[in-house]
Amino acid sequence: WELRGRFPDLFDDPDVGEQARRLHDDALRMLETIVREERLEARAAVGLFAAAREGDDVAVFADAERSRVQARLRFLRQQFAKGDARANACLADFVLAEGDHIGAFAVTAGHGLDELVAGFEAAGDDYSAILARALADRLAEAGAEWLHRQVRTDLWGYAPDERLTNEALIAEAYTGIRPAPGYPACPDHTEKRVLFELLDAERRTGLTLTESFAMVPTAAVAGWYFAHPDAYYFGVGRLGRDQVEDYAARKGWSLAEAERWLAPNLGYDP
């Protein structure tokens with residue numbers, strides 16, 4: 001169904017459509033096997049925290065009374081002319097300075113995947129190995145979607161009456177966003193360490209971070225929850241040296257460290 005919704009032309013084309021249908025059918029059969037034999041295990045952690053905006057940072061508090069700052073999330077602001085009346089956005093803009101909340105989550109559907117893939121590879125079935133990895137990735141994304149809905153309607157409960165069709169969910173017609181560290185709105189992967197510490201994610205989900213802050217198992221999604229009604233996804237784009245210097249100071253880094261981790265977004269030659 002999702003393949004049809006996202007790529008209708010694949011199913012309409014008589015040549016490509018047959019290949020798409022075959023892939024879709026193979027994926028459904030493998031999914032049935034995974035569910036029946038319980039080959040993959042999903043785990044998740046979610047947390048909701050008292051928070052407040054501090055410039056382009058967000059202070060996360062250890063208690064509801066906001067008596068102690070537990071962590072500071074460092075964000076970046078767009079630095080380019082848009083040609084319209086919109087301001088350059090920063091994720092911190094979606095948290096109220098006078099006091100608010102922010103959420104964090106980590107989801108994986110990858111426990112058991114290595115064993116499943118190893119079995120296919122031992123049998124020389126590379127196609128099924130690739131398909132299993134792709135399915136695990138999609139299951140992790142589906143888990144993140146399901147968990148976000150639980151947060152909106154129940155755990156945080158800021159949209160208790162939400163009633164959306166699958167099409168509306170795919171179109172992200174709900175209130176709030178869940179940007180992930182390393183993606184366009186917050187391109188610094190190292191912020192995953194702060195997220196993992198807030199959630200105690202390694203203990204709760206079995207996820208670990210590599211030296212480059214990739215998640216293991218790889219079929220995983222982690223990010224922040226923003227509930228502000230005006231929150232939207234964006235990219236920070238190219239960064240000037242002045243902003244990188246400011247970010248380095250906020251992170252307690254040298255300029256060289258900041259340039260290393262933000263290299264894909266640098267608008268200048270370091």
Side-chain angles (χ1 to χ4, degrees), residues 42-76 89-109 139-164 168-169 172-209 213 215 220-234 250:
R43 300 179 191 173
V46 61
L48 303 173
F49 306 92
R53 183 178 75 248
E54 294 182 350
D56 287 348
D57 294 343
V58 172
V60 178
F61 299 97
D63 50 50
E65 290 71 32
R66 298 178 170 82
S67 63
R68 179 173 64 87
V69 174
Q70 184 175 1
R72 280 189 172 84
L73 315 182
R74 314 298 187 179
F75 295 114
L76 289 156
C90 175
L91 287 175
D93 296 342
F94 306 134
V95 176
L96 300 178
E98 59 268 28
D100 204 340
H101 290 82
I102 193 169
F105 73 96
V107 180
T108 179
L139 288 170
E141 292 286 354
E145 190 72 73
W146 178 86
L147 188 60
H148 194 187
R149 182 170 62 182
Q150 296 301 110
V151 167
R152 296 191 304 271
T153 60
D154 183 20
L155 299 178
W156 195 336
Y158 63 82
D161 299 323
E162 176 184 292
R163 299 290 185 274
L164 297 176
L169 286 171
E172 298 172 346
Y174 43 76
T175 299
I177 57 174
R178 56 173 190 272
Y183 282 77
C186 43
D188 177 11
H189 282 278
T190 71
E191 287 289 290
K192 286 188 198 136
R193 172 56 62 194
V194 182
L195 187 153
F196 268 50
E197 290 173 353
L198 283 170
L199 290 175
D200 193 11
E202 291 190 15
R203 182 180 67 84
R204 294 178 183 276
T205 68
L207 282 166
T208 59
L209 295 173
F213 294 93
M215 291 182 287
V221 187
W224 308 111
Y225 291 132
F226 293 85
H228 196 289
D230 295 330
Y232 64 95
Y233 294 105
F234 60 88
R250 287 188 280 135

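Values reported hereafter were calculated over all heavy atoms of this structure, with side chains retained and with hydrogens, waters and symmetry mates removed.
The shortest side-chain heavy-atom distance between F75 and D57 does not fall under the 4.5 Å cut-off. You'll find the side chain of L147 reaches within 4.5 Å of the side chain of Y225, heavy atoms only. Inter-residue side-chain proximity for I177 and L91 is flagged as met; some heavy-atom pair is nearer than 4.5 Å. Looking at heavy atoms from C-beta onward, F105 lies out of side-chain contact with V151 at the 4.5 angstrom threshold. Between T208 and M215, every side-chain heavy-atom pair lies at or beyond the 4.5 Å cut-off.
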Would you be so kind as to tabulate the donor-acceptor pairs closer than 3.5 Å made by side chains of residues 194-202, with sequence neighbours excluded?
unit_1 : atom_1 : unit_2 : atom_2 : d
D200   : OD2    : R203   : NE     : 2.5
D200   : OD2    : R203   : NH2    : 3.1
E202   : OE2    : R193   : NH1    : 3.4

Side chains of residues 178-186: which donor-acceptor pairs under 3.5 Å do they make with residues two or more places apart or in other chains?
unit_1 : atom_1 : unit_2 : atom_2 : d
R178   : NH1    : E145   : OE2    : 3.4
R178   : NH1    : H148   : ND1    : 2.9
R178   : NH1    : Y174   : OH     : 3.1
R178   : NH2    : E145   : OE1    : 3.3

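Between A51 and V58 the shortest heavy-atom distance is CB-CG1, 3.8 Å. Taking each heavy atom of R152 and L169 in turn, the nearest pair found is NH2-CD2, 3.8 Å. Here the shortest heavy-atom pairing between R149 and E162 reads CG-OE2, 3.8 Å. Minimum heavy-atom separation, A92 to G55: CB-O, 3.8 Å. In terms of heavy atoms, T175 sits closest to P229 at CG2-CA, 3.8 Å. The minimum heavy-atom distance between L76 and C90, with the atom names listed, is O-SG, 3.6 Å.
In this structure, R43 contributes its side chain and T108 its backbone to no donor-acceptor pair below 3.5 Å. Under the 3.5 Å distance criterion, the side-chain polar atoms of D154 are left unmatched by any main-chain donor or acceptor of G157. Between the side chain of Q150 and the backbone N or O of L155, no donor-acceptor pair lies under 3.5 Å.
The CZ atom of F49 lies 10.5 Å from the NE2 atom of H101; values are rounded to the nearest 0.5 Å. In this structure, OH on Y158 lies 9.5 Å from OG1 on T153, to the nearest 0.5 angstrom. Considering CG of D93 and CG of D56, their distance stands at 7.0 Å, rounded to 0.5 Å. For the atom pair CD1 (I102) and CZ (F61), the distance works out to 11.5 Å, reported to the nearest 0.5 Å.
Residues meeting the ring pair (Phe, Tyr, Trp, His ring centres under 6.0 Å) test with Y232, sequence neighbours left out: F94, F234.
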